[in-house]
There are 2 protein chains.
Amino acid sequence: MLDERSKSVLLAVIQCHINSPEPVGSRAVTKKYPFGLSPATIRNIMSDLEEMGFLAQPHTSAGRVPTDLGYRYYVDTLKDNNPLINNELVSELNNKLEVIRQDINTVLDEASRMLSSLSHYIGISVSPNEATSTLSKIELIKYRENQLAVIMFTDEGIIKNKVIAIDPELSQSNLNRIAEYINAQHAGHTVEEIKEKVINDLSQDRLRCDDLISQAVRICRDVFSSSPGNVYVSGLSEVLQLPDFCDIDKIKELLRAIEDKHIILRLLDQVSDAAGTQIFIGSENPLEEMKKLSMVVSTYREGSRPIGAIAIIGPTRMNYQQAITIVASTANYITDMLSNK
Amino acid sequence: MLDERSKSVLLAVIQCHINSPEPVGSRAVTKKYPFGLSPATIRNIMSDLEEMGFLAQPHTSAGRVPTDLGYRYYVDTLKDNNPLINNELVSELNNKLEVIRQDINTVLDEASRMLSSLSHYIGISVSPNEATSTLSKIELIKYRENQLAVIMFTDEGIIKNKVIAIDPELSQSNLNRIAEYINAQHAGHTVEEIKEKVINDLSQDRLRCDDLISQAVRICRDVFSSSPGNVYVSGLSEVLQLPDFCDIDKIKELLRAIEDKHIILRLLDQVSDAAGTQIFIGSENPLEEMKKLSMVVSTYREGSRPIGAIAIIGPTRMNYQQAITIVASTANYITDMLSNK
DNA sequence: TATTAGCACTCGATGATGGAGAGTGCTAAA
DNA sequence: TTTAGCACTCTCCATCATCGAGTGCTAATA
């Protein structure tokens, strides 16, 4: 569909445009990529590419800019031709993340910072969906007169603590018995399942008999109540240095897109069913606020099940090659870390 | 030093300017505040106020804008005349924060969001300095083959978990003994003190004898290693709606000021020795990046000792009255919450 | 037939020009 | 002491001309 020469020109235009935000003209192409063709010929080719929808002109007397379709073509050739994992980068990543063998949320926080500092775009990570996480263990610790600290561990590496009010009479030893009971009953099940079970239990009368068990169920209700996942965002200041965000409205649009953690959570939840690295270019984004941005997103997995996602968000004029490498490597690293339990 | 009439005019100008960012002219003052004086007279007074340094002119044919000194005067009169705690607001705050009886970091996170949503400026909170916090209790939980989750509780309400690598041979019952030992040895001391003690212990040979104790000391070394406090910032998008941040450079400056959590941490650490609510207007700020912003900051306390700070940051043209109320009330609320252990 | 040189044309960016309007300071009258 | 009146200043905005980068088209060329 695209002859070799047109393809080279398209890629050249895209390369130029990734390097600098101005529209690229025919002369610029001949200078940087000596095809042995004159500007006039390049112009003809570019005109064809425009007709096919790969390039666009901001106005008649300007150079050309790749369209989302153009970038899509470019990204697809990238995928075909290049090993997407850059070993140098991977080892750098490993070095940086190695030190953080903490619970998954700490790792994700650090990962978002790393994504942005390596790419100079915005780095985002979201924690595993709590509802579908598998309870591995729970600990109940009385730490104030009428307050209980619940520490929840999941197979996905979540360590979460939550404070809930309790009857001051309840002793630590009874709490231990309750914890034992909960662990025996619920470990190995997802939070969702446990929640359902508890709602069921609460509606049954037999609870009234055993006070400890009824306390246990009540504690479960409070602990396993749904709470949204965490979203870690970094690199806002990095990205504002880019010439792409030179005007105030673009900045506001960007902020609208990333300020609301709920939106991001839902967005990345949506894509995290598919495995591997996905790329959304401009208008391909499902989110209205992001139709002028691009997102490279990858899931990290526990075993083979995707449990969360990390992403880089930048201008459509982003360095996809690099972004893909960074996101894919980081996701793999997190996955590996989770499997080395 | 300032006669009653000049004072009224100054306050009128400030009020006008807080309501809208444009320089205020003499006619605008007479319209909104009918002193029974003509614009010409107001002009004379404003000219005097300018000479005294309370007002400034962006250019000769513009209206006047309060200087930092002008705002300082205004804020000082506020303090003298008004009850700074607005009961309505306090009860609203209570309602919103009541639900979050979690560890202090969760509360602070929520508090920063509340500060910004109530004030429409930037809300910031910093967690207590860990080093000077008093260990209340520690729990050691083996949760993976060679990993240990340490849950640390402090008197200041910090609940912190940290994962550290351990010898896979170490059993939970031995961990319990180690935890008991650590609690017996160190509870009631500050993290700083414990750290010192541990360094001391590590240099002594007697450790070699008792393997459990030496494990305990090593765990302490890892757990009580200094880690920076948390900083919670919200309201960036709120504040970008303000006409004050209409140009790109101001936004970048603002971001520079708040992006680096370390800077904020140090800044609020500095001010958190003084009790009560402090106000830094424009150039009064110790931080270079904030010389064009204002900050209203207050400390929350454990007992009578200030342990952390919360703040509102906005343009110098901020609604100080409201900001002071919000910050002071929130700080009080957090303090109260900490004392109801 | 494909390529290229040449050229007219288009359109944004830049800078100068010239009111319009808001606000001032000054002067003189009340 | 206050105020009306007025000249003055300076920003803002629209208009206009110029410049230059880049294009599309045509005709010449390999």
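Remember, it's a predicted structure, so these values are computed and weren't measured experimentally. Here is how names work: the chains are called A, B, and so on, in the same order as the sequence lines, proteins then strands, and each is numbered from 1.
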Worksheet item: Should B/K7 and B/D3 count as an ion pair when the cut-off is N to O under 4.0 Å?
Response: no
Worksheet entry | Parallel, tilted or perpendicular: ring planes of A/H17 versus A/Y71, cut at 30 and 60 degrees | tilted
Practice prompt. Indicate the ring-plane relationship of B/F35 and B/Y33, choosing parallel, tilted or perpendicular according to the 30° and 60° boundaries.
Written response: parallel
Return the value, rounded to whole Å, for the distance between atom [atom1] of [X] and atom [atom2] of [N].
X	N	atom1	atom2	answer
B/L49	C/dT24	CG	P	13 Å
A/I45	C/dA2	CD1	P	12 Å
A/D247	C/dG12	CG	C1'	16 Å
A/H17	D/dG22	NE2	C1'	15 Å
A/D48	D/dT23	CG	C1'	14 Å
B/H59	C/dG23	NE2	P	10 Å
A/F35	C/dT4	CZ	C1'	17 Å
B/M46	C/dA22	CE	C1'	13 Å

Taking only the side-chain nitrogens and oxygens of [X], find out if one of them lies under 4.0 Å from OP1 or OP2 of [N].
X	N	answer
B/R64	C/dG25	yes
B/T41	D/dT3	yes
A/T60	C/dC11	yes
A/R5	C/dT3	yes
B/S26	C/dT24	yes

If you check the [X] side chain, which of [options] turns out closest?
X	options	result
B/R43	C/dT24, D/dT3, D/dT11	C/dT24
B/Q57	D/dT23, C/dT24, C/dG12	C/dT24
A/A40	C/dT4, D/dT3, D/dT23	C/dT4
B/S38	C/dC26, D/dG24, D/dT3	D/dT3

Discussion item. Tell me whether the side-chain N or O atoms of A/S61 pair up with the base of C/dT10 as donor and acceptor below 3.5 Å, since no angle test is needed here.
Written reply: yes
Worksheet item: Of B/N44 and A/S47, whose nearest nucleotide on DNA chain D comes first from the 5' end?
Response: B/N44
Practice prompt. Identify, between B/R27 and A/I42, the residue whose nearest nucleotide on DNA chain C lies closer to the 5' end.
Written response: A/I42
Fill in: Between CD on residue A/Q322 and OH on residue A/Y121, distance to nearest 0.5 Å
7.0 Å
Worksheet item: Considering residues, nucleotides and ligands other than B/K292, do more than 12 of their heavy atoms fall under 6.0 Å from its NZ?
Response: no
